[in-house]
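Below is one structure, written out as structure tokens; the observations come after it.
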Amino acid sequence: MTDDRYHPPEIEKKWQARWDADALYRTPDDDPRPKWYALTMYPYTSGDLHVGHWYAIAPSDVQARYKRMRGYNVLFPMGFDSFGLPAENAAIKLQIHPYEWTARNIENMRRQLRSMGAIFDWEREVVTSDPEYYKWTQWWFLQFYKNGLAYRSLAPANWCPSCQTVLANEQVLPDGTCERCHTAVTRRNLSQWFFRITRYADDLLDFSDVEWPERIVTMQRNWIGRSEGTMIAFGLESPEVDDNQIRVFTTRPDTIYGVTFMVIAPEHPLVPHITTLEHRAEVNEYIERSRRATEIERLSTEREKTGVFTGAHCTNLLNGEKVPILIADYVLPTYGTGIVMGVPAHDQRDFDFARKYGIPIRVVIAPPDWDGQPLTEAYVEPGVMVNSDRFNGMSNEEGKAAVTKYLEERGWGGPTVNYRIRDWLLSRQRYWGAPIPIVYCDRDGEVPVPESDLPVLLPPDAEFKPTGEPPLARHQGFVNVACPVCGRPARRETDTMDTFVCSSWYMYRYVDPHNPEQPMSHQLARKWLPVDQYTGGAEHAVMHLLYSRFFARAARDLGLVEFREPFTRLYNQGTIIAGKAKMSKSRGNVVAPDEYVSKQGTDAVRIYLMFIGPWDQGGEWDDSGLAGVSRWLNRVWNLVLTPAETTTQAPADQVRELRRMTHKTIRRVTRDVERFRFNTMVAALMEYTNYLTRLKESGPVDADCWQEATTSLMLLLAPSAPHLAEELWERTGNAYSIHNQRWPEWDAELAAEEQITLVVQVNGKVRDRILVPADVSEERAKEVALSSEKVRPYVEGKETLRVVYVPGRLVNIVAK
RNA sequence: GCCGAAGUGGCGGAAUAGGUAGACGCGACAGUCUCAAAAACUGUUGGGGGGCAACCCUCGUGCCGGUUCGAUCCCGGCCUUCGGCACCA
């Protein structure tokens with residue numbers, strides 16, 4: 001035994017200081033090696049990193065380190081997402097300024113991140129609430145503004161009464177509650193800033209430049225919700241309405257002759273104008289009722305459909321029929337035109353609605369053996385068109401095109417593509433965010449702040465307690481400004497930007513973090529971007545990840561970058577849970593890594609997190625398994641540092657076996673780390689350690705092969721246990737640093753098995769296992785199998801019908 | 001309701017172009033060391049049955065069927081869990 005035991009905290013401190021002093025992990029821009037940009041989602045500055053953060057970050061570091069050893073110039077940066085509501089809320093509660101709260105948190109989180117021993121180049125750190133950063137967030141806004149990608153509009157917005165701000169559609173959960181605080185969201189009409197993400201709806205549906213999980217791609221496709229259909233005009237005669245038509249979007253123009261009513265969303269602006277006097281009271285009451293209903297109730301598909309008649313009618317231009325217009329809250333004001341045609345025979349919702357209100361149900365697509373009897377439910381399958389005038393007899397699929405063409409020829413409509421996605425609402429009525437760089441002047445209107453005046457600084461002395469009014473609006477020194485055009489007194493925009501704006505471009509800033517002239521230079525963008533491997537949680541599927549794709553497309557069209565996808569590869573790790581719930585501060589179930597790190601060491605914590613299970617599946621934090629990893633690292637320590645008894649006359653087959661194990665392990669570890677299979681990577685290293693330990697204790701070993709084995713073990717361990725590997729490397733007399741060594745290569749010949757276990761089955765049941773040469777012939781294998789003593793009792797007295805042979809695997813004797 | 005992923009020992013999990021189920025680790029039990037305990041190390045550890053014994057038999061990958069010489073893996077039908085979507089006209 002060595003007199004020195006493995007003391008993780010000591011060696012970890014020692015090497016972190018040394019690496020820091022030597023700038024070992026600085027990422028040079030001028031390096032001829034091929035680049036690899038690995039990125040893990042930066043944390044929000046909540047104050048402490050819990051093991052959930054480590055679970056996401058540490059394995060990403062392992063893979064980045066591996067790439068580094070494979071000869072890449074690796075960029076693996078870290079920063080902080082530091083604007084946002086929690087900072088403000090915490091600051092209010094603790095009576096300190098968000099700036100100070102954030103600064104303290106960053107300091108603590110930076111310390112924790114350093115203790116992880118990752119290869120972050122801290123010279124490239126990015127902090128989104130830093131004026132040096134948000135200056136460029138504002139700059140992006142101005143570029144978008146100048147190119148028609150940012151605009152202001154009065155619209156009903158999602159309002160969170162608890163957060164006291166509006167939210168983007170993406171930040172409202174499916175149950176109609178706020179993504180952050182789970183309060184029921186209400187609607188408010190406000191003048192708000194939007195990014196025109198819908199301009200890129202089709203481009204965003206193209207995922208051909210990307211290697212992403214199918215799940216995320218599907219989620220984005222669904223969110224964008226492209227739907228091809230037909231816009232159809234209906235005649236409207238209403239004294240109060242100028243337009244004599246109303247339009248609906250439908251995917252079923254083939255059912256146009258089945259329209260027996262129209263439904264309009266209660267909040268549609270047309271409603272007050274078309275409603276007749278005698279129905280006004282009833283309509284207003286309904287509108288009031290649906291406004292009071294929460295989003296949750298309204299979204300429930302279980303709920304019975306309700307509606308009321310407006311007194312108005314419109315005309316189906318194809319057959320001249322007048323049909324009643326009703327309002328009903330199952331029609332969404334934000335999708336299509338907010339008006340739908342009711343075809344009860346061929347849409348279940350319309351069917352239920354028509355039944356309830358006694359509206360006629362007219363079949364226009366005949367089911368296969370339809371006898372003309374009334375339907376008991378809507379018929380939505382294909383069929384032949386009936387009751388449809390000139391289109392009778394056509395299949396409904398042909399009918400879709402034919403009706404659309406007919407409408408188009410008469411100027412009554414035509415093919416239309418409709419999207420579910422809406423423009424990105426980025427205004428927030430809160431303090432802790434990047435101010436929107438716009439000035440309002442009575443004479444010049446909406447004026448962008450000149451780029452030379454950026455950043456528009458957040459005034460540190462603002463009263464930021466929420467009142468529903470933007471905090472900046474009450475800061476006279478901030479609001480009052482000279483108009484950039486005419487110099488007269490004007491007012492600043494007082495809303496701040498959604499933090500997702502900050503995170504839509506942070507991966508660009510890392511490549512040129514201190515550039516005072518531009519967000520990043522063209523040259524460095526070309527060198528590093530796009531990100532080769534992005535890792536993070538799947539919860540950002542339709543927020544951060546979609547917004548970032550939009551930013552990249554806009555940046556490409558602005559000539560800033562030459563790609564459209566910011567993240568070439570994406571991998572989502574799972575979630576670490578504690579007590580059946582996701583770890584979060586608000587749930588109070590966070591587990592801090594710090595104590596484990598200071599006792600068992602960061603290397604053990606890193607490896608244990610990988611060992612829990614497949615990375616993409618997450619898992620329960622249970623520290624009892626950590627001890628097993630600690631014990632293993634101790635065994636590695638002893639194995640490498642206690643000299644083995646060596647010889648030059650080890651038996652040949654033992655030498656071959658040792659080399660085979662070494663090369664097999666290199667192959668397994670390499671493949672596993674490439675495919676994010678960290679749990680089996682660790683298992684492979686443990687098995688290898690167990691094997692080497694047994695071999696060493698069994699007697700003298702071949703000196704050269706033993707050397708190769710322990711060297712390989714150290715190298716394979718270096719990305720996962722960087723401190724332990726470095727210490728062992730030094731103690732075994734190698735030159736600093738192990739992290740600058742090349743990853744070992746395996747030799748397929750050496751890794752190949754010489755013997756295989758031939759499984760012998762009788763009727764599918766294993767009866768014997770026989771060692772045979774790996775290159776055994778079929779004849780020989782069958783011969784060996786059939787002559788097995790253990791097999792005999794099962795085939796004796798039976799007829800052998802067949803002998804199945806699987807090369808290198810088994811022989812199955814089928815006997816009866 | 002729809003779409004997707006998953007269901008394997010006491011526990012986390014291995015193994016799928018269909019071919020030795022349970023690697024690796026935790027826990028448990030037994031032992032070594034110790035005055036004792038902890039730590040460390042060694043051995044055993046899916047259920048049932050048999051043998052003095054190296055071992056042998058049998059059942060077993062959520063449930064019920066199917067395809068196949070052979071199914072944790074493929075197909076059909078259920079059950080459960082977890083994600084996502086949910087009146088999108």
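Per chain, numbering begins at 1; letters A, B, ... match sequence-line order. These numbers were taken from a predicted model, which means no experiment stands behind them.
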Atom [atom1] of [X] and atom [atom2] of [N]: how far apart are they, to the nearest Å?
{"X": "A:Gln220", "N": "B:C85", "atom1": "CD", "atom2": "P", "value": "12 Å"}
{"X": "A:Met610", "N": "B:A14", "atom1": "CE", "atom2": "C1'", "value": "17 Å"}
{"X": "A:Asn572", "N": "B:G84", "atom1": "CG", "atom2": "P", "value": "12 Å"}
{"X": "A:Arg675", "N": "B:A14", "atom1": "CZ", "atom2": "C1'", "value": "13 Å"}
{"X": "A:Phe249", "N": "B:A89", "atom1": "CZ", "atom2": "P", "value": "6 Å"}
{"X": "A:Lys582", "N": "B:C82", "atom1": "NZ", "atom2": "P", "value": "16 Å"}
{"X": "A:Asn169", "N": "B:C85", "atom1": "CG", "atom2": "C1'", "value": "15 Å"}
{"X": "A:Ile612", "N": "B:C26", "atom1": "CD1", "atom2": "P", "value": "14 Å"}

Picking from [options], which would you name as closest to the side chain of [X]?
{"X": "A:Asn679", "options": "B:G19, B:A14, B:G25", "result": "B:A14"}
{"X": "A:Arg631", "options": "B:C24, B:A14, B:G27", "result": "B:G27"}
{"X": "A:Arg767", "options": "B:C57, B:G19, B:C24", "result": "B:C57"}
{"X": "A:Thr757", "options": "B:G13, B:C87, B:U20", "result": "B:U20"}

Any [X] side-chain N or O less than 4.0 Å from OP1/OP2 of [N]:
{"X": "A:Arg802", "N": "B:C69", "result": "yes"}
{"X": "A:Asn222", "N": "B:C2", "result": "no"}
{"X": "A:Arg252", "N": "B:A89", "result": "no"}
{"X": "A:Arg422", "N": "B:C88", "result": "no"}
{"X": "A:Lys765", "N": "B:A71", "result": "no"}
{"X": "A:Arg677", "N": "B:A15", "result": "yes"}
{"X": "A:Arg809", "N": "B:A17", "result": "no"}
{"X": "A:Tyr794", "N": "B:C57", "result": "yes"}
{"X": "A:Ser227", "N": "B:A89", "result": "yes"}
{"X": "A:Arg694", "N": "B:C41", "result": "no"}

Using atom [atom1] in both nucleotides, what's the gap between [N] and [M] to the nearest angstrom?
{"N": "B:C41", "M": "B:G46", "atom1": "C1'", "result": "26 Å"}
{"N": "B:G25", "M": "B:U34", "atom1": "P", "result": "28 Å"}
{"N": "B:G9", "M": "B:G1", "atom1": "P", "result": "28 Å"}
{"N": "B:A23", "M": "B:G12", "atom1": "P", "result": "15 Å"}
{"N": "B:G48", "M": "B:C11", "atom1": "P", "result": "15 Å"}
{"N": "B:G13", "M": "B:G22", "atom1": "C1'", "result": "10 Å"}
{"N": "B:A15", "M": "B:U72", "atom1": "C1'", "result": "9 Å"}
{"N": "B:A86", "M": "B:C3", "atom1": "P", "result": "15 Å"}

Let's test this: given Watson-Crick or G-U wobble pairing with both distances under 3.5 Å, identify the partner of [N].
{"N": "B:G7", "value": "B:C79"}
{"N": "B:U61", "value": "none"}
{"N": "B:U20", "value": "none"}
{"N": "B:A86", "value": "none"}
{"N": "B:G70", "value": "none"}
{"N": "B:G31", "value": "B:C41"}

### Task
Look at the side chain of A:Lys790 and the base of B:C56, then say whether one donor and one acceptor between them are separated by less than 3.5 Å.
no
### Message
Could you check whether the side chain of A:Glu620 and the base of B:G12 have a donor-acceptor pair of N or O atoms closer than 3.5 Å, going by distance alone?
### Response
no
Heavy atoms under 4.0 Å, any strand shown: does [X] hit a base, just sugar-phosphate, or nothing?
{"X": "A:Arg221", "result": "nothing"}
{"X": "A:Thr680", "result": "sugar-phosphate"}
{"X": "A:Val766", "result": "sugar-phosphate"}
{"X": "A:Arg769", "result": "base"}
{"X": "A:Asp622", "result": "nothing"}
{"X": "A:Val814", "result": "sugar-phosphate"}

To check you understand the geometry: which heavy-atom pair defines the closest contact between [X] and [Y], and what is its length?
{"X": "A:Ile612", "Y": "A:Gly619", "value": "CG2-CA, 4.5 Å"}
{"X": "A:Pro360", "Y": "A:Pro344", "value": "O-CG, 3.4 Å"}
{"X": "A:Ala709", "Y": "A:Thr662", "value": "CB-OG1, 3.8 Å"}
{"X": "A:Lys305", "Y": "A:Phe353", "value": "CB-CD1, 3.9 Å"}

Assert yes or no for the condition that the ring centre distance of [X] to [Y] is strictly below 6.0 Å.
{"X": "A:Trp621", "Y": "A:Tyr596", "result": "yes"}
{"X": "A:Trp54", "Y": "A:Tyr608", "result": "no"}
{"X": "A:Phe611", "Y": "A:Phe678", "result": "no"}

### Task
Please round to the nearest 0.5 Å and tell me the distance separating atom CG of A:Asp768 and atom OH of A:Tyr794.
10.5 Å
### Message
By nearest heavy atom, map A:Arg420 and A:Asn763 onto RNA chain B; which one lands nearer the 5' end?
### Response
A:Asn763
### Query
Of A:Asn812 and A:Met686, whose nearest nucleotide on RNA chain B comes first from the 5' end?
A:Met686
## Note on the structure
Assigned chi class of B:G9 under the 90° convention is syn
### Query
Is the shortest side-chain N to carboxylate O distance from A:Glu397 to A:Lys400 below 4.0 Å?
yes
#### Entry: Atom NZ of A:Lys599 with >12 non-hydrogen neighbours under 6.0 angstrom
no
